[in-house]
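Order of appearance sets the numbers: ligands from 1, and atoms from 1 within every ligand. No experiment lies behind these values; they were computed from the predicted model shown. Sequence positions, counted from 1, serve as the residue numbers for this chain.
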Amino acid sequence: MEPLTDKAIRASFVNCSKGEASRLKLPAGFRELPWEDLDFLGWRDPGAPLRAHLVLPSPTGPNGLTGVSLRVPDATRTSAVKSSMCQFCLTGHASSGVTLFAAPLAGAAGRQGNTVGVYACDDLACSLYLRGKRQPKLRSARYEESLTLEERTARCLGNVAAFVDKVTGGR
Ligand SMILES: [Zn+2]
């Protein structure tokens with residue numbers, strides 16, 4: 001993806017207040033991110049361990065981007081995590097490598113506390129796993145696919161876009 005600016009990222013969020021978007025912390029090493037290896041930007045908030053964010057190129061979003069803010073259920077509930085496969089990039093991890101993220105829905109539904117959840121790579125670095133630039137700590141079950149990298153990144157982006165559509169209600 002094209003390198004993003006701080007301003008464009010903060011303007012892209014569809015499911016949090018402008019105040020929250022202005023306060024969130026960008027990923028560590030933001031200026032040196034390997035943009036050419038990223039299909040979307042996903043990160044854990046360095047200033048708030050139970051927050052995470054993802055920003056996806058999207059024709060309908062503000063400035064061609066849609067940003068979604070995510071919550072990580074607190075540690076007392078993470079033992080409920082069953083899945084070991086990221087639902088975005090389908091990378092298999094040991095169970096601690098996959099986290100259940102919950103995104104408040106956009107608009108009034110979200111303010112009433114409604115969320116949509118997804119199991120995803122704990123660090124949201126799906127793009128790097130797909131390219132072999134980052135390795136799962138422990139692979140639970142490796143399964144080989146005959147798809148090309150391009151096909152797998154397209155599938156991953158499609159999965160992320162489908163999740164974002166659930167958050168925005170398809171708007
Ligand atoms: Zn992933």
Side-chain angles (χ1 to χ4, degrees), residues 1-4 9 12-16 24-30 32-58 61 65-75 77-106 115-168:
M1 69 190 292
E2 295 293 316
L4 303 179
I9 288 173
S12 73
F13 283 88
V14 295
N15 70 337
C16 68
L24 66 83
K25 297 269 190 300
L26 296 177
F30 177 66
E32 288 85 40
L33 289 179
W35 295 102
E36 66 279 9
D37 289 330
L38 299 179
D39 307 305
F40 68 95
L41 180 62
W43 74 102
R44 299 290 287 260
D45 192 315
L50 298 182
R51 297 283 173 102
H53 316 284
L54 59 87
V55 176
L56 177 76
S58 116
L65 296 170
T66 300
V68 168
S69 186
L70 307 166
R71 309 280 182 272
V72 182
D74 66 35
R77 291 172 58 196
T78 53
S79 60
V81 170
K82 295 283 195 301
S83 178
S84 60
M85 183 184 280
C86 173
Q87 291 178 312
F88 292 152
C89 65
L90 309 191
T91 295
H93 291 271
S95 61
S96 62
V98 169
T99 295
L100 174 61
F101 294 96
L105 296 180
T115 61
V116 56
V118 65
Y119 288 99
C121 295
D122 182 63
D123 52 8
L124 294 167
C126 302
S127 308
L128 301 181
Y129 292 112
L130 287 176
R131 288 166 177 75
K133 307 248 169 168
R134 191 170 291 184
Q135 302 294 335
K137 285 196 196 88
L138 278 173
R139 273 190 184 276
S140 54
R142 186 183 180 111
Y143 77 107
E144 298 296 339
E145 290 189 296
S146 56
L147 299 183
T148 63
L149 174 62
E150 197 170 52
E151 289 166 333
R152 287 184 296 147
T153 56
R155 179 177 61 188
C156 178
L157 263 182
N159 291 339
V160 177
F163 175 70
V164 169
D165 276 352
K166 284 190 210 165
V167 173
T168 61

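Between the OG1 atom in Thr153 and the CZ atom in Phe40 there is a gap of 11.0 Å [rounded to 0.5 Å]. Rounding to the nearest 0.5 angstrom, the gap separating the CG atom in Asp165 from the CG atom in Leu56 is 9.0 Å. With rounding to the nearest 0.5 Å, the separation of CG in Leu124 from OH in Tyr129 is 9.5 Å.
Using cut-offs of 30° and 60° for the angle between ring planes, the Phe30 and Trp35 rings count as perpendicular.
No side-chain heavy atom of Val98 sits under 4.5 Å from any side-chain heavy atom of Thr91.
Annotation: protein N, O or S atoms under 2.8 Å of the Zn ion (ligand 1) (waters excluded) comprise Cys86 SG, Cys89 SG, Cys121 SG, Cys126 SG.
The residues Lys133 and Asp37 are annotated as salt-bridged, a charged nitrogen and a carboxylate oxygen being separated by less than 4.0 angstrom.
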